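Order of appearance sets the numbers: ligands from 1, and atoms from 1 within every ligand. These figures come from a predicted structure and were not determined experimentally.
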Amino acid sequence: MKRESWQGNFSSWFNKALREADVMDTRYPVKGLYVWRPYGLRLRNHILEIIRELLEKSGHEEVLFPLLIPRDIFEKEAEHIRGFENEVYWVTHGGSTKLDIPLALRPTSETSIYPMLKLWIRSHADLPVKIYQVVNIFRYETKMTKPLIRLREVTTFKEAHTAHASREEADKQVQEGVRIYKQFFDRLGIPYVITRRPPWDTFAGAEYSVAFDTLAPDGRTLQIATVHNLGQNFSKVYGVTYEDLEGKHQHVYQTCYGISDRVIAAVIMVHGDDRGLCLPPVIAPIQVVVVPIPYKGQEKEVQKEAEEVSNELKGGMIRAHLDDRDLRPGDKYYRWERRGVPVRVEIGPNDIKRGQVTLVRRDTGERMEAPRQNLVAEVKKLLDGIMRNLTRRAKEFFEERIHEVGDTESATRVLKEKGGIVRIAWCGKESCGLKLEEETGADVLGLEFEGKEVAGKCPICGKKTKTCVLMAKTY
Ligand code: P5A
Ligand code: ZN
């Protein structure tokens with residue numbers, strides 16, 4: 001399937017794709033807030049199932065904290081509040097009564113969770129704590145808002161928070177967080193780079209931040225996950241301590257990591273094409289749509305066969321849907337294509353006569369005939385093949401857009417002409433990093449998390465260096 005308009009004007013492609021697939025309604029009358037429609041919400045929930053599974057499997061327990069945070073508690077950690085003060089919505093009144101202490105709508109939950117951790121953690125035996133929640137958060141974003149990508153109400157904020165007895169354990173936890181997100185994005189076929197963010201782009205209150213970025217079709221990067229090492233910054237402020245083996249009170253070491261609706265945006269934009277969504281079978285709300293092609297006089301027979309096929313697929317644990325509405329088959333094809341359903345099964349009188357069905361792949365448009373017997377196994381094989389193809393196609397697109405460059409001029413040119421990500425030497429000095437950004441008009445994503453050492457020269461100061469940064473135009 002063609003990917004021309006997909007690449008040409010990403011913003012308009014994205015909005016149209018969301019609308020035509022009934023994922024979201026963007027007409028809600030508050031800026032930065034959008035409505036999930038049933039099909040979109042099912043897609044969202046399938047994605048959540050995967051991250052929940054990965055978190056539970058690695059020992060994280062789900063919790064649920066309140067939305068409101070009292071101002072005095074919210075404002076305790078100085079760096080954190082500095083990072084968020086311009087983004088917080090405040091509740092100041094209950095009815096017409098002014099509240100004694102204004103309440104913040106959480107922009108993230110460190111400051112609501114950690115005072116409670118203080119109460120929960122007593123001794124070293126209570127550690128580590130590994131919890132997560134899936135909640136909405138509010139951020140008064142001032143950059144242009146965009147459905148799923150830059151929201152003022154993030155509706156799908158999955159945040160994990162952990163507490164440990166030592167710095168080493170917290171460092172290890174960062175690695176586990178990274179591993180979990182790798183598995184998550186691999187399952188969705190989303191390609192990524194992982195970088196350690198530079199100091200000026202570290203999460204407010206963290207010692208360091210590791211981030212995942214993927215690529216939009218227009219060549220800009222989108223940050224889709226972050227993992228932060230908080231050190232003892234928060235535990236000191238909120239008094240989160242444990243008694244060690246010698247009976248001494250120590251502050252815990254903490255990490256937190258989060259993803260948002262942006263991963264849903266990533267699934268949609270990374271795999272889509274000119275006909276709209278093209279969903280990975282693992283998370284497609286409907287994996288197979290069955291469309292009867294009735295001919296005069298044989299409507300009953302065709303309908304019966306289509307019902308049987310649909311039920312058989314469902315019995316085989318495939319998310320099948322029978323579309324037997326009174327519409328022309330062509331209209332149905334169109335509609336299910338926009339919604340990204342991976343496989344369409346067509347059943348007409350000829351198929352019945354020959355003991356077969358016709359299968360059509362959403363990703364390639366290919367039509368094929370399959371024997372009616374063993375249909376479940378055949379369709380499962382096809383769904384696996386589609387998943388592999390989507391993953392391969394996305395990876396290819398991504399890797400073609402990572403460029404090695406030697407100086408800021410070629411960085412600027414390559415980013416302008418080809419988009420994507422450039423890898424460029426950097427001595428590690430903040431002033432050189434900021435200068436790199438200034439001279440290229442792009443952002444430093446950071447040092448590659450598991451990057452190889454190179455022999456290079458910082459293009460700003462000329463100093464020899466073994467490290468590279470990744471840079472890109474970002475969303
Ligand atoms: C980690 C979880 C945090 O808030 N606290 C708990 C830490 N990190 S973060 O980087 O600020 O956010 C985590 C991820 O959420 C996405 N994100 C957003 N998505 C949509 N709209 C927004 N306004 C928005 N802000 C952040 C990013 O993917 C980010 O990496
Ligand atoms: Zn330098």
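Rounded to the nearest 10 degrees, the angle SG (Cys461) to the Zn ion (ligand 2) to SG (Cys432) equals 110°. Centred on the Zn ion (ligand 2), the SG atom of Cys458 and the SG atom of Cys427 lie at an angle of 110°, reported to 10°.
Counting protein heavy atoms only, atom 18 (C) of ligand 1 is closest to Ser260 OG, 3.6 Å. In terms of protein heavy-atom proximity, atom 10 (O) of ligand 1 is nearest to Thr226 OG1, 2.8 Å. Of the protein's heavy atoms, Leu151 N, 3.0 Å lies nearest to atom 21 (N) of ligand 1. Protein heavy atom in closest approach to atom 27 (C) of ligand 1: Arg262 NH1, 3.7 Å. Here the protein heavy atom with the shortest distance to atom 20 (C) of ligand 1 is Ile149 O, 3.3 Å.
With no hydrogens or angles considered, a side-chain donor-acceptor pair links Thr195 and Arg197 at under 3.5 Å. Judged purely by distance below 3.5 Å, without hydrogens or angles, the side chains of Thr108 and Glu110 pair a donor atom with an acceptor atom. Of the N and O atoms on the side chains of Thr474 and Asp443, at least one donor lies less than 3.5 Å from an acceptor on the other residue. There is no side-chain donor-acceptor pair under 3.5 Å between Tyr257 and His161.
Under 4.0 Å from ligand 1, heavy atoms of Gln223 appear from its side chain as well as its backbone. The backbone of Ala225, and not its side chain, has at least one atom closer than 4.0 Å to an atom of ligand 1 (non-hydrogen atoms only; backbone = N, CA, C, O). Residue-level proximity to ligand 1 for His228 is carried by the side chain, the only part with a heavy atom below 4.0 angstrom. Residue Phe203 touches ligand 1 through its side chain alone, judged by heavy-atom distances below 4.0 Å.
Within the 4.0 Å heavy-atom shell around ligand 1 one does not find Ile137. In this structure, Asp261 falls outside the shell of residues with a heavy atom less than 4.0 angstrom from ligand 1. Using 4.0 Å as the threshold, Phe212 has no heavy atom nearer than that to any atom of ligand 1.
For the pair Arg338 and Tyr334, the distance from NZ or CZ to the six-membered ring centre is under 6.0 Å and the angle to the ring normal is within 45 degrees. For the pair Arg196 and Tyr208, the distance from NZ or CZ to the six-membered ring centre is under 6.0 Å and the angle to the ring normal is within 45 degrees.
Polar contact with ligand 1: absent for Glu159 (N/O pair, distance under 3.5 Å). For ligand 1, the polar-atom distance check finds an N/O of Thr108 within less than 3.5 Å of one of the ligand's N/O atoms.
Atoms of ligand 1 lying under 4.0 Å from at least one heavy atom of Cys256, given by number and element, are 1 (C), 5 (N), 7 (C). Here is the list of ligand 1 atoms found below 4.0 Å of a heavy atom in Arg150: 21 (N). Residue contact check: Glu141 has heavy atoms under 4.0 Å from atoms 22 (C), 23 (N), 25 (N) of ligand 1.
Arg187 pairs in a side-chain contact (heavy atoms from CB on, under 4.5 Å) with only one of the listed residues (Met387, Glu53, Lys182), which is Glu53. Considering Tyr253, Phe234, Phe203 in turn, Phe203 is the only one that fulfils the ring-ring contact (aromatic ring centres under 6.0 Å, His included) rule with His228.
Looking at Glu110, Arg139, Glu153, it is Arg139 that brings a heavy atom closest to atom 4 (O) of ligand 1.
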Cut-off 3.5 Å, no hydrogens considered: what does the side-chain donor-acceptor table look like for residues 124-132, sequence neighbours left out?
residue: Asp126; atom: OD2; partner: Arg122; partner atom: N; Å: 2.7
residue: Asp126; atom: OD2; partner: Ser123; partner atom: N; Å: 3.0
residue: Lys130; atom: NZ; partner: Ser58; partner atom: O; Å: 2.8
residue: Lys130; atom: NZ; partner: Glu176; partner atom: OE1; Å: 2.9
residue: Tyr132; atom: OH; partner: Glu56; partner atom: OE2; Å: 2.7

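Every pair passing ring-ring contact (aromatic ring centres under 6.0 Å, His included) that includes a residue from residues 439-475 is listed here, sequence neighbours excluded: Phe10-Tyr475.
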Taking it one step at a time, do Arg37 and Asp22 satisfy salt bridge (charged side-chain N to carboxylate O under 4.0 Å, His left out)?
CA-CA 6 Å; Arg37 302 194 59 180; Asp22 301 320; 3.4 Å; yes
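Looking only at distances, no side-chain donor or acceptor of Trp13 sits under 3.5 Å from a matching main-chain atom of Lys16.
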